[in-house]
Each structure stands twice: as structure tokens, then as C-alpha cells.
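Notes follow once the structure below has been shown.
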There are 2 protein chains.
Amino acid sequence: MGSKSTTKRADALRSIEAIAQAAAECLGRNPEASLSEIARAAGVGRVTLYAHFASRAEVVDAAMSRAIDRGNEVLDTIDLTGDPLLALARYIEAGWHLVDQARALLAAAQRELSAGRIRELHAGPAARVEALVARGRAEGAFRTDLPVAWMVNVLHAVMHSAADEIRAGRLTSDRAADHITATVLAAFTPPGRPVPEPGGGA
Amino acid sequence: MGSKSTTKRADALRSIEAIAQAAAECLGRNPEASLSEIARAAGVGRVTLYAHFASRAEVVDAAMSRAIDRGNEVLDTIDLTGDPLLALARYIEAGWHLVDQARALLAAAQRELSAGRIRELHAGPAARVEALVARGRAEGAFRTDLPVAWMVNVLHAVMHSAADEIRAGRLTSDRAADHITATVLAAFTPPGRPVPEPGGGA
DNA sequence: GCTAAGTCGTACAACGCTGTTCAGGTTATA
DNA sequence: TATAACCTGAACAGCGTTGTACGACTTAGC
């Protein structure tokens, strides 16, 4: 069943895409954005939105899925092998603003979607970062006196913190990655070992 | 004018206090808590709430002021002099959960109050922490290759992160302060210098 | 060019929240 | 104990949101 339902008009597919994209943008800015706002941002009537998505939850789910996919695409282009310090620096450089947009979206999702669905969506990208941290610990590059989950959380917390600073006008976008990297690499350094010099390495 | 209005019944003062306290609690849990919810939590009728506060904004302001006052009281009991590392550890130990409750409250305030009013309320406590960080830098205990504002932000971000982890059930409350301290002290260590051993010091 | 799929604006009902009014009951305070 | 201050529930208007229904228009696809 469902093999013939592929008969969607190109017109409709374009609308669905526009809505999902607008939803990701609007909810990324404000987790409480209304469906009217999203429809308007998509250049589509509010009724049209309801023609494709039965409820608000479905719209949020679509936006979330879209953002996760985008994130996975970006993550795929990053080399997370080799020296864990450099790998982490590459991850931060490429992903900090992407991770930030996902946060507000996540806030919307947490009110609209089931906890299981959220875990299901979030699991993929999270696993890769966890693996990187775990490898860094195993190779002696990162400290092991704190849980992996805690370290991953710190990493993301500092990324979000940078986004907040930018929104507040206290930090410029081009310096964000350097600040985050310097901070996190120091936080991850094993006790007793010297903190790496920023920009120094290789 | 207004000199005779001191004639408030003890009854009324108790209600106002109960409402402010309930508001701080409810908004601390959920920034979108309705006034009905707050009134119910205060054990007071919704109309009574409007008898004392003209608008939602006034309730939020009262809750925020209350939380700030409480924070200042706690901060006053903490010795922020001496070794900056130990002072920072003392600050974290005493204030991390207090700072966390203030966050959700701040989120409510940012939607209801003017930016100026928020700065006015927030300035006091923020200044003390900034001073501590600045002193630590001047004495060579903390790194100086990152802005003070950024370091303060990192400190708070990691505190909030701990609160999130507790809510998610991945961290127990009694270990939070140790994790935060170990992480932040490492993040603040000047490049090239060894990160302090957790619990080591004095 | 015909037809069905898609879109549009308007309008509707239902809901929850805010803020106000009113009439009647309770309690502090002098 | 008298009285004014206080508290209360119920009820109302106004607003924005969600979700649905309708009739008319436009467009994709054969």
C-alpha cells in the first residue's frame, strides 16, 4: 500500500518544501512561532499549510527532521579522524552555528513531540560527537575524570553560549569558533597536563 | 502623596509575598506559566492577584526582583577574596542551583520587561562575578587571552548545563558542583599552565 | 484544452489567556 | 464590635491561536 500515492504534483511538493524550510527558520528564531507566521514566511496561505500538515506537531516534526538531515550532511563532510584535538576544532569550526539553530528548534520540539520521537531524531548526530570524545579519552588526549555525557554537554553549552553572546552584541561571529575551541580544549585537558596554546598544535 | 498608603493590612502583605514566591517558583520551572497557575500555586484567587499586580509584567518584575534579592543575600555570605581558584569554587558550590533558577525566570523577564529594566536588575550580581574573574586574571590565576565577558558567560553556561543534566537524569545533584568546578577551572587555566587537580589546591 | 489537484481568502467554532466588574463573604484592626 | 480592607467565585469582553469548511480561482499534467 502507498505505492501509488507518489502522484503528488510538483506544485504541492514545492509548497511542502517551502513550509518545512520556513518552519525551521521561524522556529529556530522563536520556538513559539505561530502557524500563520510560518505560512506567511513560506509565501503560502495558512489553509494550504493545513492541506499538507494535519497538526502543528507535524510541522514541527518536519522542521526538526529537515534540520537534522542538514546537520548530518554537514557532519559528513567533516574529518573527525586523526588528532582528537584537531578533529574537535574542525567540528566546532563547521558546526557551532548549526548546532545553535537546532537548539531553539529542539525547544519547540520538546513541547510538541513525544520524548521518544525526539530521542529518535537526535540520536544520530549525538552519537558521532560522543564517539569523538570517547576516542579522545581512550587516546589520552582528553580527561577521563568526568563522564562522557557531561563533556558532550559542556561542548554544546559553550557553543550555545557563543551564539547568545553574538545575539547580545558582545561577540563577533568570526571570533566565535576560536573562543569556543580555546575554551573547550582547555576544559577537556587531563588534570596535571598543560592547557594547549590556542592555534598551537599539529 | 503616597505617605499614607503605608496602611496595608498584614493579610494583604502576606498575599503579595505568597504571589511573588509562587511566581518565582512557577516561572522558574516554566517561563510561560499563566497567572491562573501562579495564583493557584500561591493559594490565592486569580482576582486577588490582580488586586495587587496590575499586569503580568508587574508579577514577573516582582518575581525577578525577589530572586535577585535572594541571590544577593546568598552572595553576601560567600567569601570571594583570597585564592581566586578557591573563591570561584566557593561561588559555584553555593550558587549554581540559584543561578539556574534565575535563568528560566530571566527568559520570562526578557519577553515581559524592557531591556533596560532587565539590565538594571541583573547588573548587581553580575558585577561581583565579573570582578572575581578580573581579579583572577590580574593575579595570573586565570587566562587573559579571552575576554572577561566571555569567561563569565562560560561559567554560567556550564552551570546551566549541569542543571539540564540533572533534569535529564544523567547527573545527580550532589556531584554537580564538583563537575562544574573541575570544568570551569580547567577552562580558565592560562595556556601552557597545567590544569589543577580536582580537589587539590589549598 | 480539459480536468483534477492545488491554492486562495474568508469565515467559523473552540480553546486558553488576560484584564475587568460585581456582589457577597471573611478578617484584620482600631 | 463596628467598619473598612481584603478575599472570593462567577461572569464578561477582547485577543490570538488552532483546526475546519466553503466557494472560487489558478495551474500542472495528460
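Only a predicted model underlies this, so the values are computations on that prediction, with no experimental measurement involved.
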Please report the closest heavy-atom contact between [X] and [Y], naming both atoms and the distance.
X        : Y        : value
A:Leu27  : A:Ala63  : CD1-CB, 4.4 Å
A:Ile92  : A:Met159 : CG1-CE, 4.1 Å
B:Pro198 : B:Ala182 : CG-CB, 4.5 Å

query: Which pairs with one or both residues in residues 149-162 of chain A pass salt bridge (Lys or Arg N to Asp or Glu O under 4.0 Å), sequence neighbours excluded?
result: none

query: Does any pair with a residue in residues 131-150 of chain A pass salt bridge (Lys or Arg N to Asp or Glu O under 4.0 Å), and if so which ones, sequence neighbours excluded?
result: A:Arg135-A:Glu139, A:Arg143-A:Asp145

- prompt: Along nucleotides 24-30 of chain D, 5' to 3', which nucleotides get a B, which get an S, and which get a -, given that the test is a protein heavy-atom distance under 4.0 Å?
  reply: ---BSS-

- line: Numerically ordered, the residues 52-64 of chain B set in heavy-atom contact under 4.0 Å with DNA chain C is B:Ala54, B:Ser55, B:Arg56

field: Residues touching DNA chain C, which here means a heavy atom under 4.0 Å, drawn from residues 33-42 of chain B
entry: B:Ser34, B:Leu35

Calculate the interatomic distance between [X] atom [atom1] and [N] atom [atom2]; express it in whole Å.
X        : N      : atom1 : atom2 : result
A:Tyr50  : C:dG6  : OH    : C1'   : 19 Å
B:Leu13  : D:dA5  : CG    : P     : 14 Å
A:Arg111 : D:dT17 : CZ    : P     : 14 Å
B:Leu49  : C:dT18 : CG    : P     : 10 Å

- prompt: Which value, rounded to the nearest 0.5 Å, describes the distance between A:Leu132 atom CG and A:Met151 atom CE?
  reply: 9.5 Å

query: Is the shortest distance from a Lys or Arg side-chain nitrogen in B:Asp164 or B:Arg167 to a carboxylate oxygen in the other one below 4.0 Å?
result: yes

query: Using 4.0 Å as the upper bound for N to carboxylate O, is an ion pair formed by A:Asp76 and A:Arg128?
result: yes

Test ring-ring contact (aromatic ring centres under 6.0 Å, His included) applied to B:Trp150 - qualifying residues, sequence neighbours left out: A:His179

- prompt: Sequence neighbours excluded, which residues qualify as ring-ring contact (aromatic ring centres under 6.0 Å, His included) partners of A:Tyr91?
  reply: none

Under 3.5 Å between N/O atoms: give me all the protein pairs with nucleotides 8-11 of chain D, atom names plus distance.
unit_1	atom_1	unit_2	atom_2	d
D:dT8	OP2	B:Gly45	N	2.8
D:dT8	OP2	B:Thr48	OG1	2.5

- prompt: Distance-only, no hydrogens or angles: does the A:Arg90 side chain make a donor-acceptor pair with backbone N or O of A:Asp79 under 3.5 Å?
  reply: yes

message: Keeping B:Glu165 on the side-chain end and B:Ala176 on the backbone end, is there a donor-acceptor pair under 3.5 Å?
response: no

Taking distance alone, no hydrogens or angles, what donor-acceptor pairs closer than 3.5 Å link side-chain atoms of residues 32-52 of chain A to residues at least two apart or in another chain?
unit_1	atom_1	unit_2	atom_2	d
A:Glu32	OE2	B:Arg111	NH1	2.9
A:Ser34	OG	A:Glu37	N	3.2

Five-pair end axes of the helix from C:dG19-D:dC12 to C:dA30-D:dT1, angle between them (10°): 20°

field: Those residues that, when tested against B:Leu98, pass side chain to side chain contact (heavy atoms under 4.5 Å, CB included) (two or more places apart)
entry: B:Val74

task: Would you check if there is a donor-acceptor pair between the side chains of B:Asp61 and B:Ser65 at a distance under 3.5 Å?
output: yes

task: Report yes if the side chains of B:Thr77 and B:Glu73 come closer than 4.5 Å at any heavy-atom pair, otherwise no.
output: no

- request: Find out whether B:Val195 and B:Leu185 are in side-chain contact, i.e. whether some heavy atom of one side chain is under 4.5 Å from a heavy atom of the other.
  value: no

query: Hey, mind stepping through A:Leu121 and A:Arg117 against side-chain contact (heavy atoms from CB on, under 4.5 Å) and telling me if it holds?
result: CA-CA 6 Å; A:Leu121 287 169; A:Arg117 178 67 178 143; 3.8 Å; yes

message: If the helix axis at each end comes from five base pairs, how far does the helix from C:dG1-D:dC30 to C:dC17-D:dG14 deviate from straight, to 10°?
response: 20°

